[in-house]
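Read the structure below first, then the notes.
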Amino acid sequence: MNIVNHETAIIKVIADEYVKGDSCYATIIGGNCKGSHLKLDNGQRAFSFSAANLQCGTKIICTITKSADGRKNALAQLDSICGLYDACA
């Protein structure tokens, strides 16, 4: 019984993650001169080279260019800036 529940939980986690080609909303949570760290709307973390020098708290729309693996966050490309501290609608 526990094995079935564990397998179901793993499948649910994989289904909740964004994969290459998915678009989503994200918030800038940090960054450096190479890019910005993002928190996606599902709680997943990502990094974007094209969103460098944006302020923390900026809401953006992005497309996932590389899915996350066990060790690294997903990579995302900036599509649009919604606004600083504003909710994307």
Side-chain angles (χ1 to χ4, degrees):
M1 186 73 169
N2 289 338
I3 294 173
V4 173
N5 290 339
H6 181 67
E7 290 173 357
T8 305
I10 291 173
I11 292 170
K12 183 177 183 333
V13 168
I14 292 170
D16 288 344
E17 290 185 0
Y18 289 115
V19 294
K20 184 177 179 179
D22 289 343
S23 292
C24 60
Y25 295 106
T27 303
I28 307 290
I29 57 171
N32 54 34
C33 62
K34 293 187 178 186
S36 294
H37 297 276
L38 311 173
K39 183 173 183 182
L40 306 180
D41 56 3
N42 68 348
Q44 187 178 350
R45 301 283 176 129
F47 186 81
S48 177
F49 290 103
S50 59
N53 298 322
L54 291 177
Q55 291 182 342
C56 290
T58 303
K59 305 282 186 177
I60 66 169
I61 300 173
C62 60
T63 300
I64 304 300
T65 57
K66 185 175 181 185
S67 301
D69 62 12
R71 300 178 309 137
K72 295 186 178 181
N73 293 335
L75 291 179
Q77 179 178 352
L78 173 69
D79 293 335
S80 179
I81 299 173
C82 296
L84 181 63
Y85 304 111
D86 291 335
C88 296

### Task
To the nearest 0.5 angstrom, please state how far the CG atom of Leu38 sits from the CG atom of Leu54.
9.0 Å
### Task
First locate atom SG of Cys56, then atom NZ of Lys39, and finally report the distance between them rounded to the nearest 0.5 Å.
13.0 Å
### Residues clustered with Ile29, ILVMFWY side-chain links under 4.5 angstrom
none
### Task
Over all heavy atoms of both residues, which pair between Cys33 and Ala52 is shortest? Give the atoms and the distance, please.
O-CB, 4.1 Å
### Query
For Ser67 and Val19, which heavy atoms make the closest approach, and how far apart are they?
OG-CA, 3.2 Å
#### Entry: Non-hydrogen atoms of Glu17 and Asn42 that approach each other most closely
CA-ND2, 3.9 Å
#### Entry: Atom pair CD1 (Ile28) and CG (Asn53), whose distance is rounded to the nearest 0.5 Å
10.5 Å
### Task
Could you pull out the closest heavy-atom pair between Lys59 and Thr27, with the gap in Å?
NZ-OG1, 3.2 Å
#### Entry: Pairwise distance OG1(Thr63) to CG(Asp79) - rounded to 0.5 angstrom
3.5 Å
### Task
With rounding to the nearest 0.5 Å, note down the distance linking CZ in Phe47 to CG in Leu75.
8.0 Å
### Rounded distance [0.5 Å steps], CD in Gln77 versus CD1 in Ile60
10.5 Å
### Task
Can you spot which of Ile64, Asn73, Asp22 makes a side-chain contact (heavy atoms from CB on, under 4.5 Å) with Leu40?
Ile64
### Task
Looking only at non-hydrogen atoms, find the nearest pair between Ser48 and Ala51 and report the distance.
OG-N, 3.4 Å
